[in-house]
Amino acid sequence: NNNNNNNNNDQRQSATAMHHMPPAERRIVENLEGNSKCIDCGSANPEWASVTLGVLLCLDCSGKHRGLGTHLSFVRSVTMDSWTEKQLASMKAGGNQSCIDFLSKHGVVVVVDTTTTSAAAAASIKEKYDCPAAELYRQVLKARVEGRPEPTELPKADLLLEKNKRTPEQEREWANRPMQGFGSGPHPKEERRRQRKRLALGMGVGSVVAFAAG
């Protein structure tokens with residue numbers, strides 16, 4: 001019994017341990033159908049990901065996904081952020097084309113081919129991923145990772161709205177939430193600007209202290 005408990009603990013710790021995406025795992029993710037382009041705008045060689053949707057994104061679209069909230073789209077950098085085994089499993093179980101096909105089956109336009117349909121038919125990113133079909137796909141992806149039967153019933157729209165609705169207090173908490181990693185944090189350029197500002201303020205305080213001591 002003790003050995004079984006130890007094995008279960010080891011498996012849980014392995015699933016939650018953070019590390020950079022290994023090159024072999026990255027190749028698997030990048031080679032999934034549709035993953036050579038951003039799922040939303042079609043930009044080549046996307047280097048950002050939505051873990052909850054199992055898709056790859058370009059930098060610009062990743063910013064729009066961050067605006068949805070992590071409950072709808074949890075964004076990570078493929079190259080800069082650390083990953084858990086479970087997050088990697090979610091990416092390998094998904095893929096851009098898998099998500100596109102699933103949502104399209106439920107009437108949600110993800111990528112618009114301008115040769116066959118109007119670009120105006122494309123739903124906004126919020127409309128695409130904050131809807132019953134996208135919520136079902138998130139549940140399907142989670143079930144694949146956890147080895148459970150995949151759900152098939154679309155969530156009720158009113159229940160989904162209630163689930164995803166944030167109170168004013170939650171909105172304030174979301175706006176002031178702590179950031180982790182490049183994927184969830186400020187853009188690297190913004191972080192460098194903040195570091196320079198902190199350094200300048202520190203130098204200013206040091207000068208005042210030195211003057212007072214003199």
Side-chain angles (χ1 to χ4, degrees), residues 8-41 43 45-59 61-106 108 110-111 125-126 128-155 160 163-164 177 179-185:
N8 289 336
N9 288 335
D10 289 343
Q11 289 174 355
R12 283 194 292 269
Q13 290 173 358
S14 175
T16 57
M18 302 288 286
H19 52 78
H20 286 288
M21 188 181 290
E25 301 277 18
R26 181 176 174 181
R27 284 193 293 272
I28 292 173
V29 172
E30 290 176 340
N31 287 333
L32 292 175
E33 187 177 1
N35 280 12
S36 62
K37 296 181 179 180
C38 171
I39 189 172
D40 291 317
C41 72
S43 295
N45 304 315
E47 293 189 345
W48 295 78
S50 168
V51 179
T52 41
L53 292 163
V55 300
L56 292 184
L57 313 159
C58 69
L59 176 61
C61 291
S62 74
K64 296 172 184 175
H65 275 253
R66 280 195 292 269
L68 297 175
T70 55
H71 61 300
L72 296 181
S73 185
F74 181 60
V75 176
R76 306 297 286 165
S77 167
V78 172
T79 58
M80 295 183 288
D81 279 330
S82 296
W83 292 71
T84 65
E85 291 295 335
K86 194 170 183 179
Q87 290 170 350
L88 286 172
S90 181
M91 295 304 301
K92 291 187 287 186
N96 288 12
Q97 194 60 48
S98 173
C99 182
I100 290 169
D101 291 344
F102 187 93
L103 296 183
S104 296
K105 183 174 68 175
H106 294 285
V108 180
V110 180
V111 173
I125 282 180
K126 180 171 176 57
K128 280 185 282 188
Y129 303 117
D130 189 5
C131 68
E135 178 62 23
L136 178 58
Y137 187 70
R138 284 187 285 270
Q139 294 175 11
V140 165
L141 203 59
K142 187 176 181 181
R144 289 177 187 172
V145 171
E146 297 176 353
R148 297 184 287 103
E150 296 179 9
T152 57
E153 186 176 348
L154 283 171
L160 183 62
K163 174 188 174 184
N164 293 335
R177 69 196 185 285
M179 299 295 187
Q180 296 179 345
F182 289 112
S184 306

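Heads up: numbering here begins at 1 and tracks the sequence. Only heavy atoms go into these numbers, but all of them, side chains included; no hydrogens, no water, no symmetry mates.
- Smallest separation of non-hydrogen atoms from Thr52 and Thr70: CG2-O, 4.0 Å.
- Between Lys64 and Lys126, every side-chain heavy-atom pair lies at or beyond the 4.5 Å cut-off.
- Counting heavy atoms from C-beta outward, Leu32 and Asn96 have side chains that stay 4.5 Å or more apart.
- Contact detail for Trp83 and Ser77: the closest heavy-atom pair is NE1-O, 3.2 Å.
- Proximity of a side-chain donor or acceptor of Gln87 to a complementary backbone N or O of Thr84 within less than 3.5 Å is detected.
- Nearest heavy atoms, Val108 versus Cys131: CG2-SG, 4.1 Å.
- For the pair Asn35 (side chain) and Leu56 (backbone), a donor-acceptor distance under 3.5 Å is absent.
- Taking 4.5 Å as the limit, every side-chain heavy atom of Asn45 sits out of range of all side-chain heavy atoms of Ser36.
- Judged purely by atom type and a 3.5 angstrom limit, Ser62 has no side-chain atom pairing as donor or acceptor with the backbone of Leu57.
- Within the 4.5 Å cutoff, side-chain heavy atoms of Arg26 are placed close to those of Glu47.
- No more than 12 heavy-atom neighbours from other residues, nucleotides or ligands sit within 6.0 angstrom of CD on Glu153.
- Two residues are said to be in side-chain contact when any heavy atoms from C-beta on lie closer than 4.5 Å; Met91 and Val78 fail this criterion.
- Residues Glu85 and Lys92 are not paired through a salt bridge, judged by the lack of any N-O separation under 4.0 Å between the basic side chain and the carboxylate.
- Among all heavy-atom pairs drawn from Pro46 and Cys58, the shortest one is CB-N, 3.9 Å.
- For the pair Leu88 and His19, the minimum side-chain heavy-atom distance is below 4.5 Å.
- With rounding to the nearest 0.5 Å, the separation of CZ in Arg66 from CH2 in Trp48 is 5.5 Å.
- The closest donor-acceptor contact from the side chain of Arg144 to the backbone of Ala93 lies under 3.5 Å.
- The shortest heavy-atom contact between Ser73 and Leu53 is OG-CD1, 4.1 Å.
- Separation of atoms CG (Leu141) and SG (Cys99) is listed at 8.5 Å; rounding is to 0.5 Å.
- His65 is listed as a side-chain neighbour of Asp40, based on a closest heavy-atom distance under 4.5 Å.
- Side chain of Asn31 to backbone of Arg27: a donor-acceptor contact under 3.5 angstrom is found.
- Atom CG in Leu136 sits 9.0 Å away from atom CD in Glu150 (nearest 0.5 Å).
- A distance of 7.0 Å separates CD of Glu33 from CG of Asp101, quoted to the nearest 0.5 Å.
- The shortest non-hydrogen separation linking Met80 to His20 is O-CE1, 3.1 Å.
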